[in-house]
Amino acid sequence: MSKIEKIEWEKLNFDYYPTEYNIRYVYSPAKGWSKMLVSQDETLPVPLAAACLHYGSSLFEGLKAFRGADGKIRIFRLDDAVERLQRSAARLCLPVPTREMIVEACTEVVKRNIRHLPPYGHGAAMYIRPLEIGTSTSFGVTPSDEAWFVVFCSPVGPYFKGGIRPIKVAIDREQDRVSVNGTGDVKIGANYAASLLPYRNAHALGYASVLFLDPKEHKYLDECVAANFFAIKDGKYITPDSKTILPSITNKTLRTLAADMGLEVEERPIAVEELSTFEECCCCGTGAIIAPISHIYDMQEDKTYYYGNKVGATSLKLYERLQAIQHGELPDEHGWCTIVKG
């Protein structure tokens with residue numbers, strides 16, 4: 001796709017649109033991490049035998065920058081993305097980028113591509129995608145001691161065109177997203193690859209996502225393809241507690257906002273049968289922030305749980321409050337926003 005010259009902000013989809021610059025660092029055992037490299041190349045020089053192409057030696061992050069009502073540019077929860085990326089790198093035995101590298105790359109990529117940062121009031125944002133790949137060449141299955149760390153970005157439209165609305169979700173008991181003691185708690189490419197077949201099967205039946213169960217007993221809710229799960233019930237914000245779930249930064253944020261709103265927050269195992277007791281159910285993540293669920297269909301049990309075709313009042317309030325903080329419309333009382341200067 002060629003770089004877009006004239007951007008019609010209101011027509012942006014939640015998709016990839018190339019920008020001018022990306023930021024790169026190269027790691028080698030002899031030299032360590034290189035200095036920051038600014039590139040206009042949208043490709044990487046990866047050897048045929050690179051570990052990332054054969055053994056899944058790759059990880060990524062996702063976060064957004066917003067132009068606020070006050071004109072300031074905010075990157076939302078950058079420090080949390082740094083911490084999670086570093087954990088992912090350590091889990092894959094890849095060289096761990098320093099905090100300074102990650103922060104510098106994320107802020108610099110926004111500055112370099114400032115004309116692609118959507119203006120305030122269009123529901124759009126700048127999506128920032130840090131990634132790391134192992135590039136050591138070997139036919140042996142060993143940790144990669146060479147790597148690229150890259151950050152690029154793209155303007156994205158709102159996940160829901162025309163406003164937030166409920167989606168349909170399916171439970172698939174025959175497929176697992178991750179293994180019991182695997183890599184579910186870090187953000188690596190392999191976790192998403194494992195979700196593609198059940199996602200395609202559910203999508204063919206008209207469902208927008210898959211709600212996976214715990215891989216050990218298949219009795220408890222885990223998470224969706226690329227999002228955490230939460231529910232509202234009796235003044236409580238309830239979300240699964242499991243070591244096979246990716247700790248969602250959006251979910252972490254919503255738990256704090258829920259507590260600020262006076263809700264009781266529960267992180268605990270959630271049995272499938274409890275779905276029938278919830279008032280509101282939602283997926284949450286960087287892309288959609290909150291995706292309300294209208295109903296959940298348990299494919300193998302042929303059972304459906306209904307929540308209505310309107311966005312729940314509590315979910316909507318959480319969604320609007322989070323967006324207001326991201327856009328500078330409400331005070332950033334928890335210090336979540338990094339202001340990009342210069």
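Computed from heavy atoms alone, side chains included, the values below leave out hydrogens, waters and symmetry copies.
- For an aromatic pair to be called close, the ring centres must be under 6.0 Å apart, and Phe66 with Phe76 fails this.
- Between the side chain of Asp172 and the backbone N or O of Glu174 there is at least one donor-acceptor pair closer than 3.5 Å.
- Considering OG of Ser39 and CZ of Arg24, their distance stands at 3.5 Å, rounded to 0.5 Å.
- At least one side-chain heavy atom of Glu42 sits less than 4.5 Å from a side-chain heavy atom of Pro18.
- Under the 30°/60° scheme for interplanar angles, the aromatic rings of Phe278 and Phe229 are found to be tilted.
- Between Asp15 and Ser154 the shortest heavy-atom distance is O-OG, 3.5 Å.
- Proximity of the aromatic rings of Tyr192 and Phe60 is defined here by a centroid distance below 6.0 angstrom, and this criterion is met.
- In this structure, the side chain of His334 does not engage the main chain of Leu257 through any donor-acceptor pair within 3.5 Å.
- The side-chain contact (heavy atoms from CB on, under 4.5 Å) test with Pro240 is passed by exactly one of Asp222, Asn228, Ile245, Leu213: Ile245.
- Remark: the backbone N or O of Gly308 is not paired with any side-chain donor or acceptor of Ser294 at under 3.5 angstrom.
- In this structure, the side chain of Tyr220 does not engage the main chain of Lys216 through any donor-acceptor pair within 3.5 Å.
- Without hydrogens or angle criteria, Glu280 side chain to Ser315 main chain gives a donor-acceptor distance under 3.5 Å.
- A donor-acceptor contact shorter than 3.5 Å links the side chain of Ser34 to the backbone of Val26.
- Inspection of the Gln175 and Tyr199 side chains reveals no N or O donor paired with an N or O acceptor under 3.5 Å.
- Shown here for Tyr305 and Glu273, the closest heavy-atom pair between the two residues is OH-CA, 4.5 Å.
- Counted by atom type alone, Asp214 and Thr244 present zero donor-acceptor pairs between their side chains at under 3.5 Å.
- In this structure, OH in Tyr17 is found 14.0 Å from SG in Cys153, a value given to the nearest 0.5 Å.
- Taking the side chain as every heavy atom from C-beta outward, Ile73 and Ile339 never approach each other to under 4.5 Å.
- Atom CZ of Arg321 and atom CG of Leu254 lie 11.5 Å apart (nearest 0.5 Å).
- Annotation for Pro331 and Ile325: closest pair O-CG1, 4.2 Å, computed over non-hydrogen atoms.
- Remark: Lys168 is positioned above the aromatic ring of Tyr207, its terminal NZ or CZ atom under 6.0 angstrom from the ring centre and at most 45 degrees off the axis.
- Between the side chains of Tyr127 and Arg129, at least one donor N or O sits under 3.5 Å from an acceptor N or O.
- Side-chain polar atoms of Arg77 and Thr253 form a donor-acceptor pair below 3.5 angstrom.
- In this structure, Cys284 and Ile289 have side chains that are not in contact, with every pair of non-hydrogen atoms separated by 4.5 Å or more.
- Remark: Asp185 does not engage Arg91 in a salt bridge, criterion side-chain N to carboxylate O under 4.0 Å.
- Between Glu61 and Lys187 there is no salt bridge, since none of the side-chain N atoms of the basic residue sits less than 4.0 Å from a carboxylate O of the acidic one.
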- Message: I'd like to know whether Ile290 forms a side chain to side chain contact (heavy atoms under 4.5 Å, CB included) with Leu318, so could you lay out the CA-CA distance, the side-chain angles of the two residues, the decisive distance to 0.1 Å, and finally the verdict.
- Response: CA-CA 8 Å; Ile290 290 176; Leu318 286 165; 4.0 Å; yes
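- Looking at Asn113, its side chain does come within 3.5 Å of a backbone N or O of Tyr21 through a donor-acceptor pair.
- Between the CG atom of Leu131 and the CG atom of Leu85 there is a distance of 9.0 Å, given to the nearest 0.5 Å.
- One N or O on the side chain of Ser136 and one on the backbone of Asp145 form a donor-acceptor pair closer than 3.5 Å.
- Judged by distance alone, the side chain of Asp332 and the main-chain N or O of Gly335 form a donor-acceptor pair under 3.5 Å.
- Taking each heavy atom of Gly62 and Pro130 in turn, the nearest pair found is N-CD, 4.3 Å.
- Taking the charged nitrogens against the carboxylate oxygens, Arg99 and Asp79 do have a contact shorter than 4.0 Å, which makes a salt bridge.
- Two different hydrophobic clusters hold Val225 and Leu275 under the rule that ILVMFWY side chains link at heavy-atom gaps under 4.5 Å.
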- Message: Run Thr98 and Met101 through side chain to side chain contact (heavy atoms under 4.5 Å, CB included) and show every step you take.
- Response: CA-CA 5 Å; Thr98 66; Met101 283 172 54; 3.1 Å; yes
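- What you find for Gly287 and Phe14 is that their closest heavy atoms are CA-CZ, 3.5 Å.
- Distance CD1/Ile114 to CZ/Arg67: 5.0 Å, rounded to 0.5 Å.
- Here the closest non-hydrogen pair linking Thr107 and Leu78 is CG2-CD2, 4.4 Å.
- Judged by distance alone, with hydrogens and angles left aside, the side-chain atoms of Lys219 form no donor-acceptor pair with the main-chain N or O of Val272 at under 3.5 Å.
- Going from atom CD1 of Ile296 over to atom SG of Cys281 covers 4.5 Å, rounded to the nearest 0.5 Å.
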Checklist entry - Given the rule in the side chain to side chain contact (heavy atoms under 4.5 Å, CB included) test, do Phe149 and Ile102 qualify, once you have shown the distances and angles that lead to the verdict? => result CA-CA 9 Å; Phe149 172 60; Ile102 303 170; 3.9 Å; yes
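- Under the 3.5 Å distance criterion, with hydrogens and angles disregarded, a donor-acceptor pair is assigned to the side chains of Lys233 and Thr277.
- Glu267 and Tyr237 form no side-chain donor-acceptor contact under 3.5 Å, judged by distance and modelled atom types alone.
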- Any chance you could lay out the side chain to side chain contact (heavy atoms under 4.5 Å, CB included) test for Leu94 and Ser144, step after step, and finish with the verdict? CA-CA 6 Å; Leu94 283 168; Ser144 179; 4.0 Å; yes
